[in-house]
Amino acid sequence: MAGERAAPLLNDELDIVIPTIRNLDFLEMWRPFFEPYHLIIVQDGDPSKTIKVPEGFDYELYNRNDINRILGPKASCISFKDSACRCFGYMVSKKKYIFTIDDDCFVAKNPSGEDINALEQHIKNLLSPSTPHFFNTLYDPYRDGADFVRGYPFSLREGVPTAVSHGLWLNIPDYDAPTQLVKPRERNTRYVDAVLTIPKGTIFPMCGMNLAFNRDLIGPAMYFGLMGDGQPIGRYDDMWAGWCTKVICDHLNLGVKTGLPYIWHSKASNPFVNLKKEYKGIYWQEEIIPFFQSATLPKECTTVQQCYIELAKLVKAKLSSVDPYFTKLADAMVTWIEAWDELNPSGDKLPNGAAK
Ligand SMILES: O=c1ccn([C@@H]2O[C@H](COP(=O)(O)OP(=O)(O)O[C@H]3O[C@@H](CO)[C@H](O)[C@H]3O)[C@@H](O)[C@H]2O)c(=O)[nH]1
Ligand SMILES: [Mn+2]
């Protein structure tokens, strides 16, 4: 009907997961884009603190008491006092898609000055195939006004299902603490109008602040690790999930995209605090990255859970020599899968995650 607004894409198949220790005023700016969607708010820190959610949003909110009540002893795998807690939201969701965003991320403007509907772009990214097996030099071939270039094999033009859409950030870039310390005033002002598939066999630093994924295809791999309170490391939650996810996506013939959409990242967290959280990760990763680059999964692993459990075994066998922390992390990876399967009985899912 003329004048009727089109129904927002996937509004009953997608949850928005927000980790927070602050307030949720940022939602006012996102209201035109987020109001039709269900929010899952994971309140970190002191559970007795009340988090105010702006009127008009449909949401569920979980604090640490809720996580402990729901998971019992398995709650030990969910981080406390770190944005890694957000992965609890992925576990309790019942939807096919997840979009997760930090509470200091706002609506950015494209070069024409228009507000960017980041959620809409993520959905487009997830609903169109990826091309991990052969690089298309004109970027996303499925985008209006683009296509596969000459020399691109027709046998590969169908692409593979997209599991992850990794968005970027204007203003405060997601730099590690040392980089932030030497470049405190650097701001990202460059808007690159492109979406790229990350080639098979290449891992990447996944940032959790503007991220969407197909929960049915890759959800169980999105464990944001053991970080924060009581752990020797922080701010590697999203990185760990990204490394595990990409190895599993490569094994299961799924795609990962990065690029559009941009959000406006407003808060630079304290680089000195960040350095204390990150410093072990900065040298451990010189051994972790080669581990993931050489990790291979048996062909018998046909579900994300099977791949993840196998990866946990490899972590315990090959990374525990780096630090005993990885033994604990490997065990937590198994606990995560047990908790996931408890809350998401897989009887109604096929090996590739599709509903029966
Ligand atoms: O203990 C905490 C700290 C923060 N949060 C919530 O998590 C996100 C991100 O927090 P913040 O914006 O302060 O941190 P950044 O350094 O900008 O975040 C980047 O590093 C990653 C952390 O691993 C993060 O994903 C990146 O965006 C906010 O919503 C805080 O409210 C928390 O829940 N618990
Ligand atoms: Mn931030």
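Counting begins at 1 with the first residue of the sequence. Whatever order the structure lists ligands and atoms in, that order sets their numbers, starting from 1. All values derive from a computational prediction rather than experimental measurement.
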Examine all N, O or S atoms of H265, backbone included, and report whether one is under 2.8 Å from the Mn ion (ligand 2).
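Within the cut-off used here (under 2.8 Å), H265 does place an N, O or S atom near the Mn ion (ligand 2).
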Answer yes when [X] and [Y] have at least one side-chain N-carboxylate O distance shorter than 4.0 Å, and no when they do not.
| X | Y | result |
| --- | --- | --- |
| D44 | K81 | no |
| D193 | R143 | yes |
| E342 | K74 | yes |
| D82 | R235 | no |
| K96 | D216 | no |

For [atom], what's the nearest protein heavy-atom neighbour? Residue, atom name and distance, please.
| atom | value |
| --- | --- |
| atom 13 (O) of ligand 1 | R22 NH2, 2.5 Å |
| atom 26 (C) of ligand 1 | D102 OD2, 3.5 Å |
| atom 20 (O) of ligand 1 | R235 NH1, 3.1 Å |
| atom 21 (C) of ligand 1 | D238 OD2, 3.8 Å |
| atom 31 (O) of ligand 1 | D103 OD2, 2.7 Å |

So, [X] and [Y]: side-chain donor and acceptor under 3.5 Å apart, yes or no?
| X | Y | value |
| --- | --- | --- |
| Y175 | E186 | yes |
| Y236 | Q285 | yes |
| N110 | E114 | yes |

Which atoms of ligand 1 sit under 4.0 Å from any heavy atom of [X]?
| X | value |
| --- | --- |
| D237 | 22 (C), 23 (O) |
| D104 | 12 (O), 17 (O) |
| H265 | 17 (O) |
| K81 | 1 (O), 2 (C) |

On a heavy-atom basis, I'd like to know which of C85, S83, G234 is closest to atom 7 (O) of ligand 1.
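Nearest option to atom 7 (O) of ligand 1, by heavy atoms: S83.
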Judged by atom type as modelled, is there a donor-acceptor pair below 3.5 Å linking the side chain of D250 to the main-chain atoms of G201?
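Pair found, side chain donor or acceptor close to backbone of G201.
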Which bit of [X] is near ligand 1, meaning a heavy atom under 4.0 Å away: side chain, backbone, both or neither?
| X | result |
| --- | --- |
| I172 | neither |
| D44 | side chain |
| R86 | side chain |

Got an N/O contact under 3.5 Å between [X] and ligand 1?
| X | value |
| --- | --- |
| I21 | yes |
| S269 | yes |
| P19 | yes |
| Y236 | no |
| D82 | yes |

Taking only residues two or more places apart in sequence, or in another chain, which ones meet D341 in a side chain to side chain donor-acceptor pair (under 3.5 Å)?
Q305
Students often mix this up, so state it plainly: with edges at 30° and 60°, are the rings of W240 and W243 parallel, tilted or perpendicular?
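If you compare the ring of W240 with that of W243, the planes turn out perpendicular.
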Nearest to the Mn ion (ligand 2) - the N/O/S atom of D104, by atom name:
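For D104, the N/O/S atom sitting closest to the Mn ion (ligand 2) is OD2.
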Which pairs with one or both residues in residues 45-72 pass salt bridge (charged side-chain N to carboxylate O under 4.0 Å, His left out), sequence neighbours excluded?
D66-R69
